[in-house]
Structure formats: C-alpha cells, structure tokens
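Data first, discussion second: the structure below is written as structure tokens.
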2 protein chains.
Amino acid sequence: MDVTVSHAEADCRGVSEILSRVGDKWTIQVVVSLRLGARRFNELKRQVGGISQQMLTRTLKTLERDGLVDRTVHHSTPPQVQYTLTPLGHSLSETVRQLAEWAVMHRGAIEDNRLQYDASGKLQAFPT
Amino acid sequence: MDVTVSHAEADCRGVSEILSRVGDKWTIQVVVSLRLGARRFNELKRQVGGISQQMLTRTLKTLERDGLVDRTVHHSTPPQVQYTLTPLGHSLSETVRQLAEWAVMHRGAIEDNRLQYDASGKLQAFPT
DNA sequence: CGGAATCCTGCGAGATACTG
DNA sequence: CAGTATCTCGCAGGATTCCG
C-alpha cells in the first residue's frame, strides 16, 4: 500500500464506509433518538417506529461494536438494558446534525428538481 | 427556529432520505470527483474505479434528477458528455466534506473499538 | 464514446416464532 | 423485557450485450 497516493482517494473510501454505516435505513434514527437521552430496547423500538426488533438489534450491535453506543445491563426483574451514546457517538451525531440541516434546507429544492425532471419527458427513464 | 422538538421526527425522515441517497455506494465518490471539475462519462468511470457503467449511469441520472449535477451533451465525433456539479451539488459536497473530516478523524478510533469488541469474546456474535 | 436493455446474484431487511 | 434463530423476498448492484 503506497502511502504516497493522493490520500484524497483513500480518504474517500473511508468516508464512503462511514456514510454507508450512517446512511443505512435505521442508524440515524436510532442515534437521533439516543441523542435525547438513554433508552431501553423497547423504548427505542417504539420511538423509532417501523423498525423490526431484528434490525434494531443489529443496528445497536453495530453501533456498540463501533464504539458509538454503550450498552448497560441491569439484572433486575424484568431485566433492563440501557443504551446511551458514547462521546464518540455524540460527536458523530453533531456532525450528522449539520447534514440534517442541509437536508431540511434543500429538501424542497430537490423535490422541485425531481418534479421538473420527471415532467420533462424523461419519465420512463426513471423507474421509481 | 427549531425550538419545537416535535418536528424533529419529520425532519429525521427527510434526513434519512438524504443520507440514503448520499450514503449509497457510489454517489459520494462521484460527487467528490466532480468537485474537482467537469468530467466526461468514461473519465468518471476511470477515476471512481470499480464502478460499473450501469451504476455510474444510474448514479449520474439520479444526481441529475435531484438537480445536483448538470449534464451537457456535445454532438461531436466522438460524442462527448460533460458532467458538472450544480450550485446545489456544490453546497452538498461542502456539507459532506465536513462529515468526511469527521470520518477521517475518527476512523482509527472506530477500528480500534471494533478490534476490541471482536476480541472480547463476542466474535461469533458478529458474522462478517 | 455514452449509454440502454437484459440477466443474475447476494445481501438488506421484514415477519414470525422461540428462549432466558 | 430483551433478545436469537429462520425463512423469505426485494432490490441494489455486477457482468454482459446491444445501440446511435
């Protein structure tokens, strides 16, 4: 591996990986939910809405593995498991918030563009 | 502004959508490549590396549809098609760059966490 | 050269049922 | 309550071939 390559390329792959991780269907919503405070499993499940427990488990495990969330088990009856963001997770959520702002700000423009594009005779060129 | 916490949920969906769009396997790399200037189809294909022409076509079409890139056809021989970022596309690329910086900065930490996690006896808990 | 059309495959992800 | 285990299906995405 040659370190001399313009690291823009190498960086790009790293970024893509992070974006893929963060850009999957549920990660963001879980992180956003956790930003507001610690949650338990079913609390998250309810708050995220639409997620299956399978995917919630996977998402949380991945996040835990990456050191973005913390998992704490309380051996009570009934058993409780608390999830919280780690500092690293918080810093990510901050960064994501900026992208979120961009999204909120330009969402309308994007939708307008789509309508125009679809109306300009390229309808069949875009199978939704 | 966004004093009311309630619409955070609606925003979240919008953000998820943007993130999904931007977080797919190729979009970012194409955008990053276009940040440096206009490109032609096969130029992009070479520069991105590993992308099939199918996916490049799709990615570009989606980006064009969203108003993030501009497509200009020059009817010469051989025909040339130039792709450039629109202002909207540039503004997105700026925002993404910040996420990119986060990624580059914390990539190491994340990988460390993974190694630790995998080494802490939960190996089989993580198939991949 | 810049695509479009077609075929094929693996993985993301939902539903359901079972366990501790 | 907090998961794990299967089964299934859709679709992102690769390879290949054809077209203007």
Side-chain angles (χ1 to χ4, degrees), chain A residues 13 16-17 19-30 33-34 38-65 69-84 117 121-128, chain B residues 13 16-17 19-30 33-34 38-65 69-84 117 121-128:
Chain A
R13 289 181 206 113
S16 283
E17 196 206 320
L19 277 170
S20 296
R21 149 144 287 89
V22 150
D24 78 358
K25 199 172 179 183
W26 300 112
T27 301
I28 285 296
Q29 300 186 48
V30 170
S33 178
L34 284 176
R39 308 279 164 180
R40 289 168 42 202
F41 189 86
N42 279 336
E43 253 178 327
L44 277 172
K45 184 152 157 36
R46 252 164 313 185
Q47 185 154 5
V48 169
I51 193 174
S52 63
Q53 91 295 48
Q54 167 91 289
M55 287 318 296
L56 182 53
T57 301
R58 277 195 211 171
T59 302
L60 286 170
K61 196 175 289 183
T62 302
L63 286 169
E64 188 197 352
R65 181 174 180 247
V69 310
D70 231 11
R71 179 174 180 274
T72 315
V73 183
H74 301 277
H75 290 86
S76 51
T77 43
Q80 295 196 352
V81 182
Q82 278 228 336
Y83 292 93
T84 60
Y117 187 92
K122 319 193 177 180
L123 274 173
Q124 64 177 1
F126 219 93
T128 305
Chain B
R13 287 177 207 117
S16 284
E17 196 206 321
L19 277 170
S20 296
R21 150 147 283 80
V22 150
D24 77 358
K25 198 172 180 182
W26 301 112
T27 301
I28 285 296
Q29 301 186 48
V30 170
S33 178
L34 284 176
R39 308 281 165 180
R40 287 168 44 201
F41 189 86
N42 279 335
E43 255 180 326
L44 277 170
K45 185 153 158 36
R46 252 164 308 170
Q47 184 153 7
V48 169
I51 192 172
S52 63
Q53 103 314 15
Q54 166 91 288
M55 286 319 294
L56 181 53
T57 300
R58 277 195 210 169
T59 302
L60 286 170
K61 196 176 290 184
T62 303
L63 285 170
E64 188 196 354
R65 182 174 179 244
V69 310
D70 230 12
R71 180 175 180 273
T72 315
V73 183
H74 301 278
H75 290 85
S76 50
T77 43
Q80 294 196 354
V81 183
Q82 278 228 336
Y83 293 92
T84 59
Y117 186 93
K122 319 194 177 178
L123 274 175
Q124 64 177 358
F126 221 94
T128 293

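All chains are named by letter (A, B, ...) in the order of the sequence lines, taking the proteins before the strands, and each is independently numbered beginning at 1.
- Remark: P of C:dC11 and CZ of A:R21 are 16 Å apart, rounded to the nearest angstrom.
- Computed from coordinates, the B:E64 CD to C:dG3 C1' distance equals 13 Å when rounded to whole Å.
- A heavy-atom distance below 4.5 Å is not found between the side chains of A:L44 and A:Q47.
- Nearest-nucleotide positions on DNA chain C for A:G50 and A:P79 put A:G50 closer to the 5' end.
- Comparing C:dA13, D:dG3, C:dG14 by their nearest atom to the side chain of A:D24 picks out C:dA13.
- Between B:R71 and C:dG2, a side-chain N or O to OP1/OP2 separation shorter than 4.0 Å is absent.
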Test log, rule side chain to side chain contact (heavy atoms under 4.5 Å, CB included), inputs A:Q80 and A:F41: CA-CA 8 Å; A:Q80 295 196 352; A:F41 189 86; over 6 Å; no
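- Per the geometry, CD belonging to A:Q80 stands 16 Å off C1' belonging to C:dG20, to the nearest Å.
- Atom P of nucleotide D:dA2 and atom CG of A:L56 are separated by 10 Å, given to the nearest angstrom.
- Checking C:dT6, C:dG14, D:dC1 against the side-chain heavy atoms of B:Q54 singles out C:dT6 as nearest.
- The NE2-P distance, from B:H75 to C:dC1, rounds to 17 Å in whole Å.
- Ranking C:dC1, D:dG14, D:dG3 by closeness to the B:N42 side chain, first place goes to C:dC1.
- Taking only side-chain atoms of A:T57, from C-beta outward, the nucleotide of C:dA4, D:dG3, D:dG14 with the closest atom is D:dG3.
- Summary of the strand contacts: B:L60 and A:W26 both lie near DNA chain C, and taking for each the nucleotide with the nearest heavy atom, the more 5' one is attributed to B:L60.
- One interatomic measurement links the two molecules: CD1 of A:I51 to C1' of C:dG12, which rounds to 12 Å at whole-angstrom precision.
- Looking at the side chain of B:K25, the nearest of the listed nucleotides D:dG3, D:dG13, D:dC1 is D:dG13.
- Residue A:Y83 has a polar side-chain atom (N or O) positioned under 4.0 Å from OP1 or OP2 of D:dG3.
- Among the nucleotides D:dT16, D:dA2, C:dG14, the one closest to the side chain of A:R40 is D:dA2.
- The side chain of A:R58 approaches C:dA13 more closely than any other nucleotide in the set D:dA2, C:dA13, D:dG14.
- Taking atom NZ of B:K45 as the reference point, atom P of D:dT16 lies 11 Å away to the nearest angstrom.
- Listed candidates were C:dT6, C:dA13, D:dA2. Nearest to the side chain of A:M55 is C:dA13.
- Taking 4.5 Å as the limit, some side-chain heavy atom of A:K61 sits within range of a side-chain heavy atom of B:Y117.
- Among all heavy-atom pairs drawn from A:Y83 and A:V69, the shortest one is CD2-CG2, 4.5 Å.
- Of the candidate nucleotides C:dG2, D:dT17, C:dT16, C:dT16 has the atom lying nearest to any side-chain atom of A:Q53.
- Counting heavy atoms from C-beta outward, A:R65 and A:L63 have side chains that stay 4.5 Å or more apart.
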Residue pair A:Q82, A:R39: steps toward the side-chain hydrogen bond (donor to acceptor under 3.5 Å, both in side chains) verdict: CA-CA 6 Å; A:Q82 278 228 336; A:R39 308 279 164 180; over 6 Å; no
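- Residue A:K61 has a polar side-chain atom (N or O) positioned under 4.0 Å from OP1 or OP2 of D:dT4.
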